[in-house]
Every structure is written in structure tokens, then in C-alpha cells.
**Student:** 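First, the structure itself, so that you have it in front of you.
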Amino acid sequence: MSLEVKPVRGLRELKAFVDLPYRLHKHTRWIPPLKEERYLFMMRRFNAFFTHGDAEYFLARRDGRVVGRITAHVDYAYNDFHAGRTGMFGFIEFEDDQEIVDALLAAAEGWLHDRAIERMLGPMDFTINDEGGILIEGHELEPQVRHPWHPPYYSERIERAGLVKAMDNYSWSLDVSNRDRLDPRLPRIADRAHTKYGVTIRKMSRRGLRRDLDEFARVYNAAWSQNWGFVPYSKADLDMYWFDQQLIYSREWYMVAEIDGDTVGIAITIPDVAQIYKLMRGHFLPVGWIFYALRGRIINRLRVGFLGVMPEYEHTGVAAALYMEHFEVAERSREKRGEAGFILETNHSMNRALEAMGGRIVKRWRIYERTLS
């Protein structure tokens with residue numbers, strides 16, 4: 001049977017591109033995101049990535065039936081920051097067939113090669129600030145919101161295609177209602193942060209959220225700039241991020257650490273709306289909105305999305321103060337457990353901190369690379 005890989009053209013083919021994982025993973029642990037959101041995310045005029053990047057979408061068909069998909073894309077902001085010629089592949093989905101994987105990767109590589117790209121990384125959907133990596137450990141666990149899930153054969157096929165490891169990301173399981181496993185030094189460091197350095201914690205308001213996201217970007221761009229794969233947030237990225245947050249915002253978990261009114265650290269932890277998506281089955285209408293309206297009675301777990309400190313204040317114990325605030329909030333909240341995901345294996349300070357909070361690694365994603373000739 002013939003296999004062909006061609007670029008996506010038109011809304012009908014974009015629909016086929018979006019629909020594929022809903023069919024491939026229908027009877028698995030995968031939790032379908034809202035299709036309405038996925039369509040918007042893939043449309044160039046609605047995604048801020050396309051203000052600093054370009055992409056091509058590909059579908060693989062065998063005798064007319066869609067059997068795989070992939071994107072090839074270039075993030076000019078990434079290349080400007082790293083002074084390189086790196087391209088990415090992403091959104092890769094495929095039936096368990098090596099021919100399909102090889103053909104998809106060849107299509108992505110060809111598109112990148114035509115743009116003088118020297119190195120291909122992926123999967124990234126579209127950047128490291130979005131979703132990324134292939135799940136290689138933790139297949140038996142449900143994914144959290146914006147956590148990729150793949151069956152085990154994905155990593156096997158990609159590695160057989162000749163791609164090699166570039167970086168692993170961890171997801172740490174946390175119980176923020178249980179202090180028994182907490183490193184006893186953390187409360188002392190947090191108390192010193194408050195009493196010696198004057199660290200205070202305030203919560204972001206919905207009205208002031210967009211302004212606080214500018215502070216988030218300032219902390220992120222300062223604290224993360226030396227991390228592997230870093231790319232700074234632009235104003236357009238933050239505008240889209242603010243829009244995304246409107247459906248998941250929860251005041252208690254959006255934290256700003258300040259000293260004398262100046263932002264020195266940020267923590268954003270979100271209720272895991274994947275628990276709602278599981279009930280909505282990929283659609284807001286006709287009845288999915290009911291589950292969303294009842295989310296306060298349904299969601300009982302969290303995703304720790306970001307926690308960062310301005311480098312010049314790391315010695316003050318700001319991070320410990322933010323960690324302990326999570327335990328304080330959990331005591332009066334339904335959400336007691338969760339995961340801190342997408343922690344680089346090379347982010348030793350964060351991994352040590354999560355271990356000190358009593359966490360344990362439960363999932364691992366791998367980002368692959370290949371040098372292009």
C-alpha cells in the first residue's frame with residue numbers, strides 16, 4: 001500500500017491533522033484536549049508563535065487514510081537568542097509502523113534543510129514553553145493539562161529512525177498536604193526569608209493578571225536564561241498566555257513574592273483541568289460546559305507550572321517561602337496533590353527543591369535531536 005506525506009492545505013486537512021490523536025489514543029490513558037482550543041492553537045492568525053516563527057504541517061496518508069502527522073518549524077526568537085540555526089519538529093503522531101515515522105521525519109527534515117537549518121530538535125509543540133518531548137516513563141498514569149502522553153512504541157520508533165537524546169524532562173509527584181516527608185530545613189529557611197529579608201507573598205488578581213504576567217516574564221527571562229532550550233517570552237506570547245489563563249485561573253495558586261513592593265519571585269500553579277477535559281471528551285459543546293461549570297467540585301489535583309526567583313535574590317530564601325505557601329494553601333483547598341512537570345534533568349536546583357518537598361519522579365519525557373547534513 002502506498003504511503004505519501006504532503007503539506008496540510010485548507011481547513012479540511014487541518015481538521016484531519018487535529019483529529020488524528022483523538023482516533024489513535026481513544027482507548028488509552030490519553031486525555032483529549034478541547035478540539036476548539038486545538039483548532040485555534042494551530043491557526044496562524046491566533047497563535048503568537050507565528051509572530052516570531054514559521055511552520056509547515058504535514059499529513060501522512062496510506063491509500064487515502066490519515067496514518068500520521070508532524071510539523072516542521074523554525075523559531076526565530078530561539079535562534080536569535082542562541083545564535084544558531086536550529087529547527088524543530090512537533091505534534092508528531094503515528095500508527096505503529098516504522099515506514100510512517102521515517103517518512104514523517106524525512107518530510108520535516110527536508111523542509112528545514114531548505115531553510116539552511118543545521119540541527120533538528122523535537123518534538124516541541126511549538127516551543128519549549130508549550131508542550132514537548134516523547135513520554136518514555138509513566139505511561140500508566142493519566143496526563144495532566146498540557147502534559148504530552150504517548151504509547152511506548154513512539155519512543156522506540158523515533159529512536160529506530162536514528163534520532164538521539166538531547167534532553168530529558170521530569171515530572172515530580174507532590175502531596176502538598178503532607179508535611180511528613182518535607183525537608184525540615186525548608187520551613188526554617190522560609191521563616192528567615194520573611195523575618196530577615198522582608199519577603200511577602202501576595203496573590204495575583206484576575207484584573208491585574210496581565211500586568212503580573214509582565215513580571216512573570218521578567219523573572220522567567222532572568223532566572224531561566226541559562227537553561228537548556230530557553231527562549232524569552234515576547235509581548236505577543238504573554239498576550240496569548242493571559243488569554244489561556246482565563247479558563248484556569250485560581251487566585252490562591254497564583255503567587256508573587258515581593259521585597260519592599262518589588263517582585264523577586266513568581267509561582268504559578270494551576271488546577272488540573274485535564275480532569276474536566278476527561279469528562280468533556282474533547283468538546284465544550286453541547287454539554288461539556290456543564291463539567292466546566294462544576295469544575296470546583298471535580299478538580300482535586302494541581303499542576304505546578306512555574307516557580308522562579310530573580311537571581312540576585314536567590315540567597316534570601318524566596319523559593320522556600322513560595323514552597324511553604326503551597327502547603328499553606330493546600331490546607332484550605334480541595335487540591336492536595338499534583339505534579340511539577342517539565343523540569344529539565346539538568347535543573348539541579350529545582351530537582352533538589354522538589355525532592356526536599358517530598359516529591360518523587362513519576363514521568364519522564366525525552367526531546368530528541370539530529371544533525372542535518
**Student:** When you measure from the side chain of Thr71 to the backbone N and O of Gly90, does any donor-acceptor pair fall under 3.5 Å?
**Tutor:** yes
**Student:** Only pairs at least two apart or in different chains count here, so list each salt bridge (charged side-chain N to carboxylate O under 4.0 Å, His left out) that has a residue in residues 270-280.
**Tutor:** Glu142-Lys278, Asp272-Arg301
**Student:** Closer than 3.5 angstrom, by distance alone: can the side chain of Trp228 be matched with the main-chain N or O of Met167 as a donor-acceptor pair?
**Tutor:** no
**Student:** I'd like to know whether CG of Asp260 has more than 12 heavy-atom contacts from other residues, nucleotides or ligands below 6.0 angstrom.
**Tutor:** no
**Student:** Using the side chain to side chain contact (heavy atoms under 4.5 Å, CB included) rule, take Ile248 and Ile299 through it: C-alpha gap first, then chi angles, then the decisive distance, then the call.
**Tutor:** CA-CA 11 Å; Ile248 57 178; Ile299 297 175; over 6 Å; no
**Student:** Taking atom CZ of Arg185 as the centre, does the number of heavy atoms from other residues, nucleotides or ligands within less than 6.0 Å exceed 12?
**Tutor:** no
**Student:** Should Ile92 and Tyr57 be counted in the same cluster of Ile, Leu, Val, Met, Phe, Trp and Tyr side chains packed under 4.5 Å apart?
**Tutor:** yes
**Student:** Would you mind reporting whether Val273 and Ile270 have side-chain heavy atoms less than 4.5 Å apart?
**Tutor:** no
**Student:** Taking atom CD of Glu215 and atom CD of Glu258, what is their separation to the nearest 0.5 Å?
**Tutor:** 8.5 Å
**Student:** Just by distance, do the side chain of Glu328 and the backbone of Met324 share a donor-acceptor pair under 3.5 Å?
**Tutor:** no
**Student:** Hey, is CD on Glu312 packed in by over 12 heavy atoms from elsewhere, all under 6.0 Å?
**Tutor:** yes
**Student:** Side chain to side chain contact (heavy atoms under 4.5 Å, CB included), that's the test. Do Ile136 and Asp168 meet it? Break it down for me.
**Tutor:** CA-CA 9 Å; Ile136 61 172; Asp168 280 359; 4.0 Å; yes
**Student:** For the pair Asn47 (side chain) and Met42 (backbone), establish whether a donor and an acceptor sit closer than 3.5 Å, ignoring hydrogens and angles.
**Tutor:** no
**Student:** Are Ile201 and Val304 connected into the same hydrophobic cluster when the rule is that any two of I, L, V, M, F, W, Y join if their side-chain heavy atoms are below 4.5 Å apart?
**Tutor:** yes
**Student:** For the residue pair Leu3 and Ala60, what are the closest heavy atoms and their distance?
**Tutor:** CD1-CB, 4.3 Å
**Student:** Nearest 0.5 angstrom please: Ile266 CD1 to Phe216 CZ, how far?
**Tutor:** 8.0 Å
**Student:** Test your reading of the model: is there a side-chain donor-acceptor pair from Trp30 to the backbone of His150, 3.5 Å cut-off?
**Tutor:** no
**Student:** Is the distance from the ring center of Tyr313 to that of Tyr197 below 6.0 Å?
**Tutor:** no
**Student:** Could you pull out every donor-acceptor pair under 3.5 Å between side chains of residues 158-166 and any protein atom, sequence neighbours left out?
**Tutor:**
from	atom 1	to	atom 2	distance (Å)
Glu159	OE2	Tyr368	OH	2.7
Lys165	NZ	Glu345	OE1	3.3
Lys165	NZ	Glu345	OE2	3.1

**Student:** Is it the case that atom CZ in Arg360 sees more than 12 heavy atoms from other parts of the structure closer than 6.0 Å?
**Tutor:** no
**Student:** Can you find a pair of side-chain heavy atoms, one from Leu302 and one from Gln144, that are under 4.5 Å apart?
**Tutor:** no
**Student:** How far apart are the closest heavy atoms of Ile343 and Ala340, and which atoms are they?
**Tutor:** CG1-O, 3.7 Å
**Student:** To the nearest 0.5 angstrom, please state how far the CD1 atom of Ile100 sits from the CG atom of Leu104.
**Tutor:** 7.5 Å
**Student:** Within the structure provided, determine whether Glu118 and Leu372 are in side-chain contact (heavy-atom separation under 4.5 Å).
**Tutor:** no
**Student:** Report the C-alpha distance between Met310 and Arg218 in whole Å, list the side-chain angles of each, state the deciding distance to 0.1 Å, and finish with yes or no for side chain to side chain contact (heavy atoms under 4.5 Å, CB included).
**Tutor:** CA-CA 8 Å; Met310 295 294 290; Arg218 190 170 67 87; 3.5 Å; yes
**Student:** Evaluate the ring planes of Tyr220 and Phe306, with Trp represented by its six-membered ring, and classify them as parallel (under 30°), tilted (30 to 60°) or perpendicular (over 60°).
**Tutor:** tilted
**Student:** When you measure from the side chain of Arg29 to the backbone N and O of Pro143, does any donor-acceptor pair fall under 3.5 Å?
**Tutor:** no
**Student:** What are the two closest non-hydrogen atoms of Arg9 and Glu56, and how far apart are they?
**Tutor:** NH1-OE1, 3.1 Å
**Student:** Would you mind reporting whether Glu331 and Arg179 have side-chain heavy atoms less than 4.5 Å apart?
**Tutor:** yes
**Student:** Calculate, to the nearest 0.5 Å, the distance between atoms CZ and OG belonging to Arg364 and Ser155 respectively.
**Tutor:** 12.0 Å
**Student:** I'd like to check Asp96 versus Glu156 (side-chain heavy atoms, cut-off strictly below 4.5 Å). Are they in contact?
**Tutor:** no
**Student:** Just by distance, do the side chain of Arg303 and the backbone of His147 share a donor-acceptor pair under 3.5 Å?
**Tutor:** no
**Student:** Tell me, do Leu307 and His326 make a side-chain contact under 4.5 Å, heavy atoms counted?
**Tutor:** yes
**Student:** Checking Leu14 against Met43 for the side chain to side chain contact (heavy atoms under 4.5 Å, CB included) test, could you report, in this order, the C-alpha distance in whole Å, the side-chain angles of both residues, the deciding distance, and whether it holds?
**Tutor:** CA-CA 9 Å; Leu14 179 62; Met43 291 180 178; 4.1 Å; yes
**Student:** Are Glu355 and Trp172 packed together at the side-chain level, in the sense that at least one heavy-atom pair is separated by less than 4.5 angstrom?
**Tutor:** yes
**Student:** Got a salt bridge between Glu13 and Lys6, using NZ or NE/NH1/NH2 to carboxylate O under 4.0 Å?
**Tutor:** no
**Student:** For residues Ser234 and His52, determine if any side-chain heavy atom of one lies less than 4.5 Å from a side-chain heavy atom of the other.
**Tutor:** yes
**Student:** Rounded to the nearest 0.5 Å, how far does CG of Asp175 lie from CZ of Phe327?
**Tutor:** 8.0 Å
**Student:** Would you kindly check if the NZ (Lys) or CZ (Arg) of Arg146 is within the cone defined by 45 degrees around the ring axis of Phe342 and under 6.0 Å from the six-membered ring centre?
**Tutor:** no
**Student:** Let me have the donor-acceptor pairs involving side chains of residues 280-292, under 3.5 Å, with sequence neighbours excluded, atom names and distances please.
**Tutor:**
from	atom 1	to	atom 2	distance (Å)
Trp289	NE1	Pro286	O	3.0
Tyr292	OH	Leu247	O	3.1

**Student:** Return the OG1 to CG distance between Thr86 and Leu112, rounded to the nearest 0.5 Å.
**Tutor:** 10.0 Å
**Student:** So, for Val66 and Leu59, which heavy atoms are closest and what is the spacing to 0.1 Å?
**Tutor:** CG1-CD2, 3.9 Å
**Student:** Tell me the salt bridge (charged side-chain N to carboxylate O under 4.0 Å, His left out) pairs involving residues 68-90, sequence neighbours left out?
**Tutor:** none
**Student:** Look at the side chain of Asp191 and the backbone N and O of Pro187, then say whether any donor-acceptor pair between them is shorter than 3.5 Å.
**Tutor:** no
**Student:** Taking atom CZ of Arg12 as the centre, does the number of heavy atoms from other residues, nucleotides or ligands within less than 6.0 Å exceed 12?
**Tutor:** no
**Student:** Return the minimal non-hydrogen interatomic distance between Ala353 and Tyr323, and the atom names on each side.
**Tutor:** CB-OH, 3.0 Å
**Student:** Check for me whether the distance between the ring centres of Tyr22 and His25 falls short of 6.0 Å.
**Tutor:** no
**Student:** Could you tell me whether the side chain of Asp102 and the main chain of Glu99 form a donor-acceptor pair under 3.5 Å?
**Tutor:** no
**Student:** Between Ile31 and Ala274, which heavy-atom pair has the shortest distance, and what is it?
**Tutor:** CG2-O, 3.4 Å
**Student:** Suppose the criterion is salt bridge (charged side-chain N to carboxylate O under 4.0 Å, His left out): which pairs have a residue in residues 237-251, not counting sequence neighbours?
**Tutor:** Arg210-Asp239, Lys235-Asp239
**Student:** Testing Lys203, Arg202, Gln245, Arg206 one by one against Tyr254 for a side chain to side chain donor-acceptor pair (under 3.5 Å), which residue passes?
**Tutor:** Gln245
**Student:** Applying ring-ring contact (aromatic ring centres under 6.0 Å, His included) as the test, list every pair that has at least one member in residues 80-99; sequence neighbours left out.
**Tutor:** Tyr78-His82, Phe81-Phe230, Phe91-Phe126, Phe94-Tyr153, Phe94-Tyr154
**Student:** Hey, is the main chain of Val199 close enough, under 3.5 Å, to the side chain of His194 for a donor-acceptor pair?
**Tutor:** yes
